[in-house]
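Note that this is a predicted model, so its numbers are computed, not measured.
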Amino acid sequence: MIKKTLVTVLLMACSLLLNAGTKIVELTGLGRPEAIFLDKTQFYITEGTSIYIYSQKDFKLLKKIGKSGEGPQEFSLNPNLGGLVLDVSTDELIVNSFNKLSWFSKDGTFKKEQKLPNPFILALQPFGKNLIGTSFNIGNERWR
């Protein structure tokens, strides 16, 4: 219940920042939301290995993608590193899950995935046609 309230408060704050006025809405389908990501027309809420795609115009649930697993359109989480990380800054939705990157269209259609060479790569961001990010190693090696 607390996380639902937090998501509602975040949406209200975003609405105020966008000069759209204040509107309180209840988002359907959520149990324990973890993070929210915004683009110009939609917002994306992560909950475990699921991603909920909502319209900013009417706050309607457009699509739910993802589930737990290792296959296409499935995500796994490292309990020590947190949840899914999304990049919505381009014309694609890029999902960084434990040991894998997945690309979707903004409407949630699966495009491709790529296994990561290091499962501890974090915070990947588009950089031209490439992605850059940070990683760390366990043990005596330096942080990168």
Side-chain angles (χ1 to χ4, degrees), residues 2-23 25-138 141-144:
I2 291 173
K3 288 189 178 184
K4 278 186 182 180
T5 303
L6 177 61
V7 169
T8 302
V9 169
L10 286 173
L11 287 173
M12 288 173 36
C14 291
S15 179
L16 287 172
L17 289 174
L18 296 172
N19 293 324
T22 302
K23 181 178 181 179
V25 296
E26 184 174 343
L27 301 176
T28 59
L30 293 172
R32 299 186 70 177
E34 296 164 352
I36 185 169
F37 302 85
L38 298 156
D39 68 16
K40 292 180 181 178
T41 61
Q42 299 177 156
F43 60 97
Y44 310 81
I45 297 179
T46 61
E47 181 179 71
T49 56
S50 297
I51 301 166
Y52 295 82
I53 303 172
Y54 290 89
S55 165
Q56 282 192 34
K57 182 179 179 181
D58 58 11
F59 299 97
K60 298 289 184 193
L61 177 63
L62 302 174
K63 191 169 191 178
K64 176 185 170 196
I65 59 174
K67 62 181 178 177
S68 184
E70 297 292 325
Q73 304 181 63
E74 297 176 339
F75 308 117
S76 60
L77 304 175
N78 181 323
N80 298 316
L81 295 178
L84 299 175
V85 176
L86 309 184
D87 186 318
V88 299
S89 66
T90 66
D91 61 345
E92 296 179 305
L93 170 62
I94 303 171
V95 181
N96 188 355
S97 60
F98 185 62
N99 208 32
K100 181 170 63 171
L101 284 177
S102 303
W103 284 262
F104 294 82
S105 66
K106 288 290 183 100
D107 68 2
T109 303
F110 177 73
K111 290 183 162 187
K112 65 180 180 177
E113 71 177 22
Q114 178 182 341
K115 297 287 183 183
L116 296 174
N118 177 346
F120 299 105
I121 293 177
L122 306 171
L124 285 164
Q125 295 291 315
F127 186 74
K129 292 187 177 186
N130 298 306
L131 295 168
I132 60 171
T134 59
S135 70
F136 63 92
N137 293 321
I138 305 297
E141 295 188 37
R142 291 182 8 201
W143 289 77
R144 292 189 231 171

Legend entry - Residue pair I51, F37: steps toward the side-chain contact (heavy atoms from CB on, under 4.5 Å) verdict: CA-CA 10 Å; I51 301 166; F37 302 85; over 6 Å; no

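- The shortest heavy-atom contact between T41 and D39 is N-OD1, 2.9 Å.
- Side chains of L38 and Q56 form a contact here, defined as non-hydrogen atoms less than 4.5 Å apart.
- Aromatic ring pairs are classed by plane angle as parallel below 30°, tilted from 30° to 60° and perpendicular above 60°; the pair F104 and F110 is perpendicular.
- At most 12 heavy atoms of other shown residues, nucleotides or ligands fall within 6.0 angstrom of atom NZ in K67.
- Taking all atoms of both residues into account, the shortest heavy-atom contact from G66 to S50 is O-OG, 3.7 Å.
- Taking CD1 of I53 as the start and NZ of K64 as the end, the distance is 12.0 Å to the nearest 0.5 Å.
- Atom CG in N99 sits 11.0 Å away from atom CD in Q114 (nearest 0.5 Å).
- A 6.0 Å sphere centred on NZ of K115 holds more than 12 heavy atoms belonging to other residues, nucleotides or ligands.
- For the pair L30 and Y54, the minimum side-chain heavy-atom distance is below 4.5 Å.
- For the atom pair CD of Q42 and OG of S55, the computed distance is 7.0 Å after rounding to the nearest 0.5 Å.
- L86 is listed as a side-chain neighbour of L93, based on a closest heavy-atom distance under 4.5 Å.
- The closest side-chain heavy-atom distance from S102 to Q73 is not below 4.5 Å.
- Taking the side chain as every heavy atom from C-beta outward, L27 and Y52 never approach each other to under 4.5 Å.
- Contact annotation: the side chain of K106 approaches that of Y44 to within less than 4.5 Å [non-hydrogen atoms, C-beta and beyond].
- Between L84 atom CG and I45 atom CD1 the span is 13.0 Å, to the nearest 0.5 Å.
- Listed for the K100 side chain is no donor-acceptor partner under 3.5 Å among the backbone atoms of S76.
- A salt bridge does not link E47 with R32: none of the charged nitrogens is closer than 4.0 Å to a carboxylate oxygen.
- Applying the 6.0 Å contact sphere to NZ of K63 captures more than 12 heavy atoms from other residues, nucleotides or ligands.
- Side-chain atoms of F43 and V88, non-hydrogen and from C-beta on, never get closer than 4.5 Å to each other.
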Inset, instruction - Report the C-alpha separation of T49 and L77 in whole Å, then their side-chain angles, then the decisive distance to 0.1 Å, and conclude whether the side-chain contact (heavy atoms from CB on, under 4.5 Å) test is met. - result: CA-CA 7 Å; T49 56; L77 304 175; 3.7 Å; yes

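- Formation of a donor-acceptor pair under 3.5 Å by the K112 side chain with backbone atoms of L101 is not found in this model.
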